[in-house]
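Letters go in sequence order (proteins before strands), and every chain restarts at 1.
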Number of protein chains: 2
Amino acid sequence: MRCGLGNKILSGETERLSASLEDYLEAMFFVILEKKGVRAKDIADRLSVSRPSVTSALQVLAAKRLINYAPYDVITLTDEGEKQAEKILSKHTVLQEFFTEVLLIEPEKAEAVACKIEHIADDALVERLRLFSRFIKENAESPEEWKKEFMRYCREHKMPKK
Amino acid sequence: MRCGLGNKILSGETERLSASLEDYLEAMFFVILEKKGVRAKDIADRLSVSRPSVTSALQVLAAKRLINYAPYDVITLTDEGEKQAEKILSKHTVLQEFFTEVLLIEPEKAEAVACKIEHIADDALVERLRLFSRFIKENAESPEEWKKEFMRYCREHKMPKK
DNA sequence: CGGAAAAGTTAGACATGGCTTACAATCTTC
DNA sequence: GAAGATTGTAAGCCATGTCTAACTTTTCCG
């Protein structure tokens, strides 16, 4: 274990998190917002994974210095961990808003897709999307009118069911 | 059992394809368009994976009846395989166009992101996005003017470098 | 205080999807 | 037609991330 990871940490390299680890981090951030302490069980429930899976993930996140973790002890996010969790969350929000408020997709569906894309879309893309959503809203004389028009357009151009 | 991809060879199940397998299928479709025959090497080059990885994937795709494959023989797509490849490709195209023509992102970057999201975004979302791109283009009196405005908006609202 | 329930961990298995190394088949070229 | 290059396959290893079963630690009460 002292091989690669430790060196990267010392040399300041920021290894990109896997989608899975990002999910764990994000889940912890949410739980902390809602309740005061994070329990492995909360994470397991939220992500629908087993408790052992949570333990594994926590060990990895701890090795990356994103959480403060000791067996059977309280879990907290480090500053870096919190920073990363916030970033993931902000991507999620931007995507969610684009899907619901611009593409006019049902919130639950938007939520599901945003959850997956947030791990893939890089910062620049999400930022551009954020600006685009704002641009669209600000430039529409009447947002409601705009929505109606787009909905109508969608109806008119709907493809026949596959 | 030793080759991770090889487990379901005998069962030939028709489940949803993994992102990885979709990539292989898509790559084969492209190579077939460009040249007449597909070689494992072409796929390996295109996807930047080793030749053995290609063999594994081909065995799985063959079990799923998406390709016609026999060791050392010519590879072709079955009708079902071609159908699936075309679907993936069409998603790719819609995403690519949205990123380049609406979000005004550099083509190479758009390409890279589209390659990943195409495996995640469901049909309905991509269809909605397709309609949105068209709607935007058709409703802009002057597409060039619109682009300029959006670019200006982006410049003005650019976040300070993190 | 002490024991049961709840929560957390360890150990070990499995699936996916990469890789290298080494061997086998095919193609090229003389 | 055979040697050497190219291409394809087989075997085995590694990493990630999931799981179950079994064990340990902590917590909660009576």
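Counting non-hydrogen atoms under 4.0 angstrom, A:S20 reaches the backbone sugars and phosphates but no base.
For B:E118, the side chain to side chain donor-acceptor pair (under 3.5 Å) partners are B:H92, not counting sequence neighbours. Applying the side chain to side chain contact (heavy atoms under 4.5 Å, CB included) criterion to A:K137, with sequence neighbours excluded, gives A:E97, A:E101.
Under 4.0 angstrom from either OP1 or OP2 of D:dG17 there lies no side-chain N or O belonging to A:S56. Contact annotation: A:S18 side-chain N/O to D:dT16 OP1/OP2 distance is not under 4.0 Å. For D:dT18, neither phosphate oxygen OP1 nor OP2 lies less than 4.0 angstrom from any side-chain nitrogen or oxygen of A:S53. Applying the 4.0 Å criterion to OP1 and OP2 of D:dT16, one finds that A:Y24 has every side-chain N and O outside that range.
Aromatic ring orientation, A:F135 versus B:W146: perpendicular (interplanar angle above 60°, classes split at 30° and 60°).
For DNA chain D, the residues of residues 38-52 of chain A within the heavy-atom distance limit of 4.0 Å (strictly under) are A:S48, A:V49, A:S50, A:P52, sorted by number.
Across the protein-nucleic acid pair, A:L58 atom CG and C:dT9 atom C1' stand 11 Å apart, rounded to whole Å. Atom-to-atom, OH of A:Y72 to P of D:dT27 comes out at 12 Å; the value is rounded to the nearest Å. Distance, A:Q59 CD to C:dG8 P: 13 Å, rounded to whole Å. If you measure from atom CG of A:D23 to atom P of D:dT16, you get 17 Å, rounded to the nearest angstrom. Whole-Å rounding puts the A:D73 CG to D:dT24 C1' distance at 16 Å. Atom pair B:K64:NZ and C:dG17:P shows a separation of 9 Å (rounding to whole Å applied). Put simply, CG on B:L17 is 19 Å from P on C:dA15, counting in whole angstrom units. Computed from coordinates, the B:I75 CD1 to C:dT26 P distance equals 14 Å when rounded to whole Å.
A:V38 is not listed as a side-chain neighbour of A:T76, based on a closest heavy-atom distance of 4.5 Å or more.
In the hydrophobic cluster analysis, where Ile, Leu, Val, Met, Phe, Trp and Tyr join through side-chain heavy atoms closer than 4.5 angstrom, A:I136 is grouped together with B:L125.
A:R65 places no side-chain N or O within donor-acceptor distance of the main-chain N or O of A:E80, the cut-off being under 3.5 Å.
For the helix from C:dC1-D:dG30 to C:dC30-D:dG1, the angle separating the two terminal helix axes comes to 0°, with each axis derived from five pairs and the value rounded to 10°.
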Quick one: side chains of residues 44-52 of chain A, donor-acceptor pairs under 3.5 Å with protein atoms, not counting sequence neighbours, listed by atom name and distance.
| unit_1 | atom_1 | unit_2 | atom_2 | d |
| --- | --- | --- | --- | --- |
| A:D45 | OD2 | A:K41 | NZ | 3.2 |
| A:R46 | NH2 | A:E34 | OE2 | 2.8 |
| A:S50 | OG | A:S53 | N | 3.4 |
| A:S50 | OG | A:S53 | OG | 3.0 |

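Residue pairs that meet the ring pair (Phe, Tyr, Trp, His ring centres under 6.0 Å) test with at least one member in residues 21-70 of chain A, sequence neighbours left out, do not exist here.
Counting non-hydrogen atoms of other residues, nucleotides and ligands closer than 6.0 Å to CG of A:D79 gives a total of 12 or fewer.
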